[in-house]
There are 2 protein chains.
Amino acid sequence: MAKTKQVSNKAVEAEQGNDAHRGRVTSYDVAAHAGVSQSAVSRCFKPGASVSKKMRDRVMKAVEELGYRPNAIARGLITRRSNMVGVIVSNLNFYPEVLSELNKRFISRGVHVLLFALDQESDVGSILEQLWQYPVDGVVAAAHLTPEQIALFDERGVPLVFYNRAYQDVPVSSVCCDQSEGERMLVSQLAGSGKHKDFGIIAGPRDSVVSMQRTEGALARLKELGFDQVNVVSGDYTYESGRRAIGKLLEARGEMPDAIICANDMMAMGCMDELRFKHDLDVPGDVSVVGFDGVKAAAWASFNLTTVTQPVESMAEAVVTMLLDRIDNDGLPPEKRTFSGVLRSGGSIRQ
Amino acid sequence: MAKTKQVSNKAVEAEQGNDAHRGRVTSYDVAAHAGVSQSAVSRCFKPGASVSKKMRDRVMKAVEELGYRPNAIARGLITRRSNMVGVIVSNLNFYPEVLSELNKRFISRGVHVLLFALDQESDVGSILEQLWQYPVDGVVAAAHLTPEQIALFDERGVPLVFYNRAYQDVPVSSVCCDQSEGERMLVSQLAGSGKHKDFGIIAGPRDSVVSMQRTEGALARLKELGFDQVNVVSGDYTYESGRRAIGKLLEARGEMPDAIICANDMMAMGCMDELRFKHDLDVPGDVSVVGFDGVKAAAWASFNLTTVTQPVESMAEAVVTMLLDRIDNDGLPPEKRTFSGVLRSGGSIRQ
DNA sequence: TCGAGTATTGCATTCGAAGTCAAACGGCGT
DNA sequence: ACGCCGTTTGACTTCGAATGCAATACTCGA
């Protein structure tokens with residue numbers, strides 16, 4: 001009865017145009033305005049519900065007049081579906097296309113993205129702490145989580161799909177680009193010209209699994225081809241670290257390698273600039289350089305980098321499909337999908 | 001009474017470890033586990049609430065044991081504060097730093113970002129339609145809205161702050177970089193060398209207000225300096241369109257200008273590459289080029305572009321502060337803040 | 001030990017929408 | 001006009017947490 005009283009109060013307010021709370025329009029306001037029950041309003045927004053045309057028209061008219069939109073959050077409370085997914089990315093600046101592709105695809109399926117970006121200061125733990133406060137339907141992680149952190153998702157029944165992080169021996173879904181295969185293609189390409197004797201590798205951060213896979217892939221292929229004296233130095237995936245890495249390579253070796261394999265395009269571009277503008281060397285004339293990722297800038301004429309392009313669109317599509325499937329259907333087992341990268345031959349390898 | 005029964009059911013479930021719904025842990029579960037009321041649990045999470053140490057310890061122990069985290073959304077329903085803000089960006093690929101800076105700052109203040117990115121297909125209208133389904137506390141828009149769309153925010157009492165979109169004569173908050181001033185600095189710099197006679201401008205899309213402001217600023221300063229024959233062609237802010245624009249300039253003029261003013265860095269870089277690699281011209285030897293924005297890549301050795309850097313960090317900070325202020329205090333009037341860009345002299349101007 | 005006064009605690013209600021269920025309605029045949 | 005049956009509709013409850021208020025549990029002084 002209290003509820004009934006409340007409703008009629010709202011009805012009165014709405015009818016009198018009392019705008020005191022000037023908050024959002026609720027289904028009660030619409031109901032009052034249209035002279036029907038709140039349930040009726042709710043039903044008009046549920047596809048396939050039993051509503052007469054007369055009722056629907058009447059409600060929709062009120063909806064238009066008041067500018068009502070159902071509150072997705074309140075709805076989520078009862079349906080246990082917030083239609084929000086969390087996206088955890090380690091660094092927004094690195095791969096904006098990934099976020100963009102994911103967001104676009106989720107949106108088109110009526111799902112919204114709640115962003116969780118790791119900045120150097122904030123660690124994964126605190127981000128997850130925040131994430132758990134939101135009733136997200138699922139999570140995409142483009143960052144490294146510990147097995148314990150992963151287990152929590154399972155416990156709580158929240159689907160999780162990794163983007164470009166593979167966990168061997170951990171039953172969790174992921175979509176990856178075959179890092180190792182990609183590097184092998186690059187090395188084969190370099191070796192194919194027969195012009196390189198002295199290889200150097202600029203790896204990513206030591207704790208990056210992706211960097212490790214790429215580096216291992218390159219080293220393995222190099223070894224197969226008979227090159228087992230390869231210097232490896234580390235960068236942090238940035239342009240600047242690519243430039244600095246040249247100094248380290250030179251120091252380690254005493255002379256400049258004639259082919260440099262970089263763990264990503266950003267460092268490859270830094271490395272090219274350092275070679276050209278600091279050491280006055282020609283790329284590819286004096287030194288060949290290859291990258292990984294296929295970022296836009298790598299294809300620019302100034303660099304025209306030979307690299308392996310990650311099929312970002314296919315990967316994003318796969319992630320979205322896998323996640324939504326698992327949200328709709330909680331029986332699905334973890335699945336790992338691996339896409340091959342596409343070799344993009346530029347002009348950064350000496351022929 | 002129904003409620004009471006419900007509660008004790010939950011209590012029983014929780015105590016028996018019945019994990020049937022394996023959903024999230026709720027405050028009722030914690031309450032049952034600790035043998036206290038739900039209100040008590042709730043109060044333990046409210047700073048400054050009246051709770052005895054004994055009670056707090058007891059509740060917190062249960063919280064730890066069950067891994068409880070308050071549901072931010074359910075909380076938002078009653079407090080009318082979702083602690084989420086919507087961020088509308090026109091294109092994620094363009095300025096990832098902006099999103100990154102905004103996100104970082106919001107997070108550190110306990111606010112989360114719900115992402116709304118416009119992709120070519122989706123127009124602002126449909127994005128807003130979606131936005132209104134979420135009870136966001138406020139919105140940052142880095143996209144163009146119509147006055148009607150802006151008015152809705154006012155009506156519904158949802159604070160709105162624009163990033164780099166100024167609306168003259170519309171009372172709405174915004175944080176902008178002074179586009180016109182920036183361009184004037186660039187033109188002055190170009191003119192200062194006394195080596196340029198023939199200016200060309202590569203503007204942004206015709207419907208971009210920012211592009212218009214930049215172009216007008218440049219033209220005005222050029223005119224003051226006595227150059228009133230300036231060709232203007234349009235691009236779409238991308239690298240590729242910068243390259244294509246060179247062809248258009250050449251066509252319009254019959255010969256290549258000796259100074260090209262680009263509406264942003266991306267096009268400036270495309271333009272430099274086109275000049276160097278397609279037309280075999282030297283920059284800055286034959287043609288000077290300037291950009292705008294101060295993106296990372298513009299400072300790379302290959303380009304070393306003279307440009308105006310937008311103070312992204314200060315602007316982001318200003319946006320976040322303004323928005324949160326307005327969320328906490330609904331009396332605040334709209335405010336427009338303008339930051340000056342910083343001239344970054346590179347090596348793309350002939351001296 | 002008692003009572004006043006304060007500090008804690010629990011009950012019941014609330015937020016906005018959706019789902020359950022039973023009541024009311026509509027159409028139809030007879 | 002009556003009764004039957006399928007369709008619509010509305011009253012009430014639910015989701016999870018917060019909060020006003022009333023009911024306790026304490027504290028301390030007398």
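Naming: A, B, ... by sequence-line order, numbering from 1 per chain. The model shown is predicted, which means the values in this text are computed figures rather than measured ones.
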Sequence neighbours left out, what passes side chain to side chain contact (heavy atoms under 4.5 Å, CB included) with [X]? Give chain and number order.
X: B/S174; value: B/F162, B/C176, B/K336
X: B/L77; value: A/A74, A/L77
X: A/D328; value: A/R81

Side chain of A/I78 (C-beta onward), nearest among C/dC11, C/dT9, C/dA18:
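Ranking C/dC11, C/dT9, C/dA18 by closest atom to the A/I78 side chain puts C/dA18 first.
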So, using salt bridge (Lys or Arg N to Asp or Glu O under 4.0 Å) as the criterion, who are the partners of A/E317 when residues are at least two apart?
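Testing A/E317 for salt bridge (Lys or Arg N to Asp or Glu O under 4.0 Å), a comparison that skips the adjacent residues, returns A/R105, A/R109.
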Could you tell me whether [X] contacts a base, only the sugar-phosphate backbone, or nothing, with contacts defined as non-hydrogen atoms closer than 4.0 Å?
X: A/T79; answer: sugar-phosphate
X: B/V36; answer: sugar-phosphate
X: A/S52; answer: sugar-phosphate

Applying the side chain to side chain donor-acceptor pair (under 3.5 Å) criterion to B/H33, which one of B/R58, B/K61, B/E65 satisfies it?
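The option that passes is B/E65.
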Note the angle between the end axes of the helix from C/dT1-D/dA30 to C/dT30-D/dA1, five pairs defining each, rounded to 10 degrees.
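Nearest ten degrees gives 50° for this helix.
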Rounded off to whole Å, could you give me the CZ-to-P distance for the A/R156 and D/dG16 pair?
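From A/R156 CZ to D/dG16 P: 14 Å.
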List the atom pairs, donor and acceptor, that lie under 3.5 Å between side-chain atoms in residues 138-150 of chain B and the rest of the protein, sequence neighbours left out.
| unit_1 | atom_1 | unit_2 | atom_2 | d |
| --- | --- | --- | --- | --- |
| B/H144 | ND1 | B/Y167 | OH | 3.1 |
| B/T146 | OG1 | B/E148 | OE1 | 3.3 |
| B/T146 | OG1 | B/Q149 | N | 3.1 |
| B/T146 | OG1 | B/Q149 | OE1 | 3.3 |
| B/Q149 | OE1 | B/T146 | N | 2.8 |

Sub-3.5 Å pairs of nitrogen or oxygen atoms, protein against nucleotides 21-27 of chain D:
none

Pairing residues for B/Y68 by the side-chain hydrogen bond (donor to acceptor under 3.5 Å, both in side chains) criterion, not counting sequence neighbours:
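Once residues adjacent in sequence are excluded, B/Y68 has no partner under the side-chain hydrogen bond (donor to acceptor under 3.5 Å, both in side chains) criterion.
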Can you pull the salt bridge (Lys or Arg N to Asp or Glu O under 4.0 Å) pairs that have at least one residue in residues 37-52 of chain A, sequence neighbours excluded?
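Sorted result for residues 37-52 of chain A: empty, none.
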